[in-house]
Amino acid sequence: MANYDFFQHRECEYFPCHSGADPETFSCLFCYCPLYCLGENCGGSYRYTEEGIKDCSHCLRPHLRKNYASICEKMEEVLKLTKKSAPKAEKP
Ligand code: SF4
């Protein structure tokens, strides 16, 4: 446990923004989950709506301090999504 792995913004109008979440343990550090872009590979408890939208309203994974390290470990996969491909070398 460190000082940087947990943060609360209790004055936020939505705190805690998931219904049923414990306000004492709710972390706002990953307010918007950085793993959303991983789709079905985020490791959380999402569902997809009939319209095909990923719905994370029942997932507390990014809001629990104990998950800080595992969220950071998944960032490697997020970085791969955003990596620019190296230009292909031209043939002589
Ligand atoms: S909030 Fe949960 S379900 Fe949604 S992307 Fe993050 S880990 Fe996955």
Side-chain angles (χ1 to χ4, degrees):
M1 206 153 60
N3 290 320
Y4 55 74
D5 65 5
F6 183 81
F7 167 77
Q8 290 190 324
H9 180 32
R10 287 185 172 248
E11 284 72 43
C12 174
E13 290 79 356
Y14 302 103
F15 182 87
C17 59
H18 289 250
S19 67
D22 180 357
E24 297 307 314
T25 59
F26 193 88
S27 176
C28 303
L29 188 65
F30 298 118
C31 179
Y32 287 89
C33 184
L35 307 182
Y36 188 82
C37 60
L38 295 179
E40 295 175 310
N41 297 320
C42 68
S45 49
Y46 57 83
R47 74 175 187 98
Y48 277 91
T49 67
E50 287 179 9
E51 294 77 30
I53 306 296
K54 185 177 172 183
D55 171 14
C56 305
S57 55
H58 295 294
C59 182
L60 290 175
R61 184 170 183 232
H63 299 296
L64 298 175
R65 187 177 209 163
K66 66 179 178 145
N67 293 335
Y68 175 82
S70 69
I71 296 281
C72 290
E73 284 169 16
K74 294 287 277 183
M75 290 305 292
E76 194 81 26
E77 294 175 46
V78 173
L79 291 176
K80 278 185 192 158
L81 288 178
T82 61
K83 190 174 180 184
K84 187 174 181 180
S85 303
K88 291 183 181 166
E90 289 183 28
K91 292 181 182 174

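Numbers here simply count residues along the sequence, with the first being 1. Atoms within a ligand are numbered from 1 in the order they appear, just like the ligands themselves.
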Using the rule that Ile, Leu, Val, Met, Phe, Trp and Tyr join whenever any side-chain heavy atoms are under 4.5 Å apart, tell me whether [X] and [Y] fall into a single cluster.
X: F30; Y: L38; answer: yes
X: L29; Y: L35; answer: yes
X: Y32; Y: L64; answer: no

- Residue-ligand contact P62/ligand 1, heavy atom below 4.0 Å: yes
- Query: What atoms of ligand 1 come closer than 4.0 angstrom to any heavy atom of L35?
  - Reply: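 Close to L35: 5 (S).
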- Message: If the cut-off is 4.0 Å to any non-hydrogen atom of Y36, which atoms of ligand 1 fall inside it?
- Response: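 Atoms satisfying the 4.0 Å criterion: 5 (S).
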- What heavy-atom pair brings I53 and Y36 nearest, and what distance separates the two atoms? CG2-OH, 4.1 Å
- Message: Checking H9 against C31 for the side-chain contact (heavy atoms from CB on, under 4.5 Å) test, could you report, in this order, the C-alpha distance in whole Å, the side-chain angles of both residues, the deciding distance, and whether it holds?
- Response: CA-CA 10 Å; H9 180 32; C31 179; over 6 Å; no
- Confirm or rule out an N/O/S atom of C42, from backbone or side chain, lying less than 2.8 Å from atom 2 (Fe) of ligand 1.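 No, since none of the N, O or S atoms of C42 sits under 2.8 Å from atom 2 (Fe) of ligand 1.
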- Message: For atom 7 (S) of ligand 1, which of the options G44, S70, G39 provides the nearest non-hydrogen atom?
- Response: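 Heavy atom nearest to atom 7 (S) of ligand 1 belongs to G44.
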- Salt-bridge criterion met for E77 and K83 (N-O under 4.0 Å): no
Protein contact to [atom] [nearest heavy atom, distance to 0.1 Å]:
atom: atom 4 (Fe) of ligand 1; result: C56 SG, 2.3 Å
atom: atom 2 (Fe) of ligand 1; result: C59 SG, 2.3 Å
atom: atom 6 (Fe) of ligand 1; result: C33 SG, 2.3 Å

